[in-house]
Enquirer: 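Once you've had a glance at the structure underneath, I'll fire off some questions.
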Amino acid sequence: MLKDQSDPKVFWVKRNPGLAFMGGYHAFPGGQTDKEDEAIPVAGCEATDESAMRVCAARELFEETGVLLARGAERLSGDQLAERRRFIASGHESFQQLLEQDDLQLEAASLVPAGRWVTPPFSPRRFDTWFFLAWLPDNQEAVIEPGELESGEWILPREALERWKRGEVIMAPPILHAIRTLAASHGPFDHIAAALTSVPEARRGEVRRIEFGPGIYFFPVRTPTLPPATHTNCYVVGGSEVIIIDPASPYEEEQAALDEFLDKLLGEGRTVREIFLTHHHPDHVAGVNHLSSRLGVRVAAHRLTAERLRGAVRVVRFVADNELIDLPGEPGWRLRALHTPGHTRGHLCFYDENTAAIITGDLVVGIGTVVIDPPEGNMLQYLKSLDRLLGLPRLSSLYPAHGPAIGSARLKIEEYISHRNMREGRILDAIKAGSETTAEIVPMAYSEVNSSLYGLAERSTLAHLEKLVEEGRVTRLNGGRYHIS
Ligand SMILES: [Zn+2]
């Protein structure tokens, strides 16, 4: 939604950081279709699916912002509109009833199609999303009721872009594309709509070039990883000179897709400095040999990762804790390598000191859970590593190895810590109640988990127990039995 024809501002919203899906992201008002949407007529529009999508857009816009795009809405006062919005929110009245009672008519012309995007496969939830452009009607205002959306504001697209460049906001690819396009175009409405739909991704093409932060490219490749994840994210960071983190896929067609993506980036005048590895797990390193020989680029990792990969991947350079990787360009990248053991001994995260974003590898993930499997996994170190991230001077977004980027870094890390603390509490309770071995502890401490996952849960429990023993809170007896100290 836009307003002010001479220098248009766009209305964007911030999704609540606590939401499981795209929490903390900036987006546009919108939502999912309702069965009822198909029953509402739209003047000037025949096709049922397109008509239903326009109804959905108009309904969601009204529910989320109070703006009503309908002929006849100009007869309603601000108070009347607010009252009707409350009726709908409370389930008192449907959108269709509202339109009929006030003799309002939805019109195709008030919503100009602006593309259709399909969520990339790495996402835990996939949508086929239609976008529309609309002007804010005269005498109406957009007001956000905090809930699923935390806030909303009118902003000049170029200012929105600046905020993204500073790492202050995070957006999904279609939103970033829209903001960039709006910042660059000043023509009439249909010119803007044409520019918005000019890229193949806006016509349901596959979205593979994802730039979550400026110069932080996110390229998910299919890997044999742990469900529910199906992909590992390969990251490319920098300007004229880039580094590549975790070229992960063992599959030829996925390696070829990554090659093609990199060829495009290199064709734009970039060179690759080095390939970095977050850790040694196969779903992070299986494409390394192919890529390093293809590009003639060396591989860098923590010494402990290199040791685990000896004979399989040639790591040429060891990355030490706090090593700085400076990459020139606009806005410029200064990645600090953070040795963050816990998931594996040699695990690294990369903290961008400019935008306060962190490439987290498998320390924090966007889908599924992080496995802490002793002896490689260590719960005490894992929690210390999470604490270390919390102690960084600034935090913005997290770029995990699996699943989408996470908009509210601090909240997510705190959630991870409290989840592990909760589990530790339940393990202690189980021991206090008389359970002695991991096999006895798991059904109590993981009672909500399907028993098919008890094997994994036992490994996690062992990691918790090792931590508790090290802290002197639990004693290990013969035969893998544990007692409270
Ligand atoms: Zn891993």
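Counting starts at 1 for both ligands and their atoms, in listed order. No hydrogens, no waters, no symmetry mates; every other heavy atom, side chains included, goes into these values.
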Enquirer: Can the ring centroids of His280 and His302 be said to lie less than 6.0 angstrom from one another?
Expert: no
Enquirer: Could you list the residues that satisfy side chain to side chain donor-acceptor pair (under 3.5 Å) with Glu50, not counting sequence neighbours?
Expert: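 For Glu50, the residues satisfying side chain to side chain donor-acceptor pair (under 3.5 Å) (neighbours in sequence not counted) are Arg54.
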Enquirer: Under the side chain to side chain contact (heavy atoms under 4.5 Å, CB included) rule, collect the residues that match up with Glu145, sequence neighbours excluded.
Expert: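 By the side chain to side chain contact (heavy atoms under 4.5 Å, CB included) rule, Glu145 matches Arg85.
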Enquirer: Under 2.8 Å from the Zn ion (ligand 1), which protein N/O/S atoms are there?
Expert: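 Atoms qualifying: His279 NE2, His281 ND1, His343 NE2, Asp362 OD2.
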Enquirer: Going by the salt bridge (Lys or Arg N to Asp or Glu O under 4.0 Å) test, which pairs reach into residues 444-454, not counting sequence neighbours?
Expert: Arg423-Glu448, Arg426-Glu448
Enquirer: Taking the six-membered ring for Trp, is the centroid-to-centroid distance between Tyr235 and Tyr217 below 6.0 Å?
Expert: no
Enquirer: Please tell me if the side chains of Phe212 and Ile170 come closer than 4.5 Å, counting only heavy atoms from C-beta onward.
Expert: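 Yes, side chains in contact.
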